> 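Attaching a single structure in structure tokens format; questions to follow.
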There are 2 protein chains.
Amino acid sequence: MTIKQSITLADVATKAGVSKMTASRALRGTGDVSKANVELVRRAARDLGYVGNHLATSLSSQRSVLVGVVVPSLTNIVFAEVLSGIANALEGSGKQAVFGVSDYDPDTEYDVIRNMLSWRPAGLIVTGLEQSADTLKLLRNAEVPVVQIMDLDGDAVDACVGISHAEAGHTMASALLAEGRKRIAYIGCGLERDTRAAKRFRGFKNALIDEGIGLAGERIETGPSTIAVGRALTAQLLADQPDLDCIYYSNDDLAAGGLFHCLSANIDVPGTLRLAGFNGLDLVDSLPKGVATTRTPRREIGIAAARIILDVENGANPPRRVAYTPEIHMP
Amino acid sequence: MTIKQSITLADVATKAGVSKMTASRALRGTGDVSKANVELVRRAARDLGYVGNHLATSLSSQRSVLVGVVVPSLTNIVFAEVLSGIANALEGSGKQAVFGVSDYDPDTEYDVIRNMLSWRPAGLIVTGLEQSADTLKLLRNAEVPVVQIMDLDGDAVDACVGISHAEAGHTMASALLAEGRKRIAYIGCGLERDTRAAKRFRGFKNALIDEGIGLAGERIETGPSTIAVGRALTAQLLADQPDLDCIYYSNDDLAAGGLFHCLSANIDVPGTLRLAGFNGLDLVDSLPKGVATTRTPRREIGIAAARIILDVENGANPPRRVAYTPEIHMP
DNA sequence: ATGAAAGCGCTAACAC
DNA sequence: GTGTTAGCGCTTTCAT
């Protein structure tokens, strides 16, 4: 598409009767420009409907106003909240977030990150610590700060902000054991691509094994985690093993589905059967019967990540690792 | 890791022993370049870890690869799904979506749109037909195609894709009346900023009035629509008017909250009390008892909007109005 | 098939 | 205070 660059800074300058530089300075409020000229330029810009060209500005000034953000999914409320936190933290800084979605696919992730880099962003925020070798090389060679979010279990390219999922799984196992649960099963989806969910599962399982109890059963599927899937898998699992007293799910959506099954099947939750999810979604707080969960500080993670980028920009020396300790909620 | 100097096309060309132009052509696959040189340039680019500069490319070629998208909220799954549709439709076209969030605030919306325009996008997709006068002026003066999504009830700047919310409200009213409901109330949140929800409410109310029944009660609050709020408002409304046989909500989240209240309060749904929401979220399909809803084609709207931008780009003559008819789901 | 020159719109770095 | 000059990295255009 050809851009009809109708009005440029030169047009504004001409109309105001000054040079391009004076117009530029007046519009940006930098340097010394006489009040009279500032007024003239502003009026000319407004009258002409002038909209600056960020492409030219960025190229010329060699400084970027973009912060690239790569998340695996947009239709997962968790990432939407992270983005929201990032957008908020960036507000007023003059920086703007650009989002890319990897669809949990390493090749797509590589393409998306490469594409972001070609916009010469001031920084990059990417989800997780597991990237392909090619992607890692790209990130290491990029001369921009890279913040990896959501996870702490592994090595960061530059900096990371998040929680330990292995620990989260372990902590939930302890809490369930402390509640007296003995026959504990696991239901998870998409572990092959959601490495953080897989880490939670491992931490959870190991904690049980350490206590000499072990996992009483499991149902692991590929594909997305939805309420409907959680409901179906719970029904299946309980058909096989009706004597379970606890199910840990890879996330809250599955757990909510599990609860809906129990409501229909008249199973007492949490009395007979304790359900536990992960994320601490609003949904869980409103469910008619308590489902345990681990609350994760999504907005805070987004904000902290954005701050790191801004700090680097300002020459500050931000932390290379920001660890949050998620809180267990067990109603 | 050594911090590398930014590698430009000139570096690649030098390393490959050709001119910048040959390198440029080889990398883009345009014009005639000898096989040998293509290979040399590709190898040089890969060895150097060259990442092109979109800022320079766009500025120089006067063509944009960006499509600006403005939504009121990111933490609302509905808009996340629209974005997802847009991103999908743009895949393989060489275009990339850039998102902006208005937070339902007209001034923020103006700023966001202005900011998007300064990136010289190939097109703009904005939510809704109601913008401030300043914003409309900006959109009309912008020489890019503008697609307004989600709503059809009003005048579009260029083109619009969505559903009629007035009609959706009307249709739901008819369906509830057809089911034999007589004492029908309404619960809504954030109507002051969500003009589409307000249009549904008006359509709904008018339909009831036309039938000589009228609204038996209403509870309208400012602020966000959450499951928790829906639960609380339903409890309040039913405390005042226990004889209602139907509640229409401004959306599914509120309706789900209403159902959770009813489950706790042992109210038979949908027998004694029919609940109805709007959007057709996955949540509703999985709820233990049926909640009526209007399914909206979010992804389709996103896809259609993106297609319009692409069509304009290709010189085609896309429709100026794409209307979807939402389907009522009444379990 | 390849290259040199001329910008795209803007701003940093100097003049004056 | 204001203007001039010289790019930013790339692609267009027009040579060869």
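Note: hydrogens, waters and symmetry copies are ignored here, and every other heavy atom, side chains too, is used. Reminder, nothing fancy here: chain letters follow the sequence lines and each chain counts from 1. Remember, predicted model here, so these are calculated numbers, not experimental data.
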> Between D/dT11 and B/S24, is there an OP1 or OP2 to side-chain N/O distance shorter than 4.0 Å?
yes
> Under 3.5 Å, which donor-acceptor pairs link side chains of residues 70-87 of chain A to any protein atom two or more places apart or in another chain?
from  : atom 1 : to     : atom 2 : distance (Å)
A/S73 : OG     : A/T75  : N      : 3.2
A/S73 : OG     : A/T75  : OG1    : 3.4
A/S73 : OG     : A/N76  : N      : 3.3
A/N76 : OD1    : A/V78  : N      : 2.9
A/E81 : OE1    : A/R298 : NE     : 3.0
A/E81 : OE1    : A/R298 : NH2    : 2.8
A/S84 : OG     : A/R299 : NH1    : 3.2

> Rounded to whole Å, please give me the gap between CZ in B/R28 and C1' in D/dG9.
12 Å
> List every contact pair, protein side and nucleotides 3-7 of chain D side both N or O, where the distance is under 3.5 Å.
from  : atom 1 : to    : atom 2 : distance (Å)
D/dG3 : OP2    : A/S19 : N      : 2.9
D/dG3 : OP2    : A/S19 : OG     : 2.8
D/dG3 : OP2    : A/T22 : OG1    : 2.6
D/dG3 : N7     : A/R25 : NH2    : 2.7
D/dG3 : O6     : A/R25 : NH1    : 3.3
D/dG3 : O6     : A/R25 : NH2    : 3.0
D/dG7 : N2     : A/S60 : OG     : 3.0

> For residues B/R28 and B/S24, is any side-chain donor paired with an opposing acceptor at under 3.5 Å?
yes
> When the distance from CG of B/L9 to P of D/dT11 is rounded to whole Å, what number comes out?
6 Å
> Run the side-chain donor-acceptor check on residues 308-321 of chain A: report pairs under 3.5 Å with partners two or more places apart or on a different chain.
from   : atom 1 : to     : atom 2 : distance (Å)
A/E313 : OE2    : A/K95  : NZ     : 3.3
A/N314 : ND2    : A/L310 : O      : 3.2
A/R320 : NH2    : A/D158 : O      : 3.0

> Measuring to OP1 and OP2 of D/dT2, would you say a side-chain N or O of A/S34 lies under 4.0 angstrom away?
yes
> According to side-chain hydrogen bond (donor to acceptor under 3.5 Å, both in side chains), who are the partners of A/T14, at least two apart in sequence or on a separate chain?
none
> Whole angstroms only, please: what is the CG-P distance between B/L55 and C/dT11?
13 Å
> Heavy atoms under 4.0 Å, any strand shown: does B/N53 hit a base, just sugar-phosphate, or nothing?
sugar-phosphate
> Could you list the residues that satisfy salt bridge (charged side-chain N to carboxylate O under 4.0 Å, His left out) with A/E300, not counting sequence neighbours?
none
> Over the length of the helix from C/dA1-D/dT16 to C/dC16-D/dG1, how much do the five-pair end axes diverge, rounded to 10 degrees?
40°
> Which part of the nucleic acid, if any, lies within contact of A/R63, taking any heavy atom under 4.0 Å across all strands shown: a base, the sugar-phosphate backbone alone, or nothing?
sugar-phosphate
> To the nearest Å, how far apart are B/D32 CG and D/dT16 C1'?
15 Å
> To the nearest angstrom, how far is B/E39 atom CD from C/dA1 atom P?
17 Å
> Using the test salt bridge (charged side-chain N to carboxylate O under 4.0 Å, His left out), find all partners of B/R140 that sit at least two apart in sequence or belong to another chain.
none
> Quickly work out the A/I7 CD1 to C/dC10 C1' distance and round it to whole Å.
16 Å
> So which one's nearest nucleotide on DNA chain C is more toward 5', A/H54 or B/K35?
B/K35
> Just how far, in rounded Å, is C1' of D/dC8 from CG of B/D11?
14 Å
> Would you indicate, yes or no, if C/dG9 has its OP1 or OP2 atom less than 4.0 angstrom from a side-chain nitrogen or oxygen of A/Y50?
no
> Do A/E39 and A/K35 meet the salt-bridge criterion of a basic N to acidic O distance under 4.0 Å?
no
> Mark yes when over 12 heavy atoms from residues, nucleotides or ligands other than A/R307 sit less than 6.0 Å from its CZ; otherwise mark no.
no
> Check every atom of D/dC10, D/dG9, C/dA1 against the side chain of B/T57 and return the nucleotide holding the closest atom.
D/dC10
> Is the shortest side-chain N/O distance from B/Q62 to OP1 or OP2 of C/dG9 below 4.0 Å?
yes
> Applying salt bridge (charged side-chain N to carboxylate O under 4.0 Å, His left out), can you list everything that pairs with B/D153, at least two apart in sequence or on another chain?
none
> How many whole angstroms separate atom CG of B/L59 from atom C1' of C/dG7?
9 Å
> Please enumerate all residues that pass side-chain hydrogen bond (donor to acceptor under 3.5 Å, both in side chains) together with A/D105, with sequence neighbours excluded.
A/T108
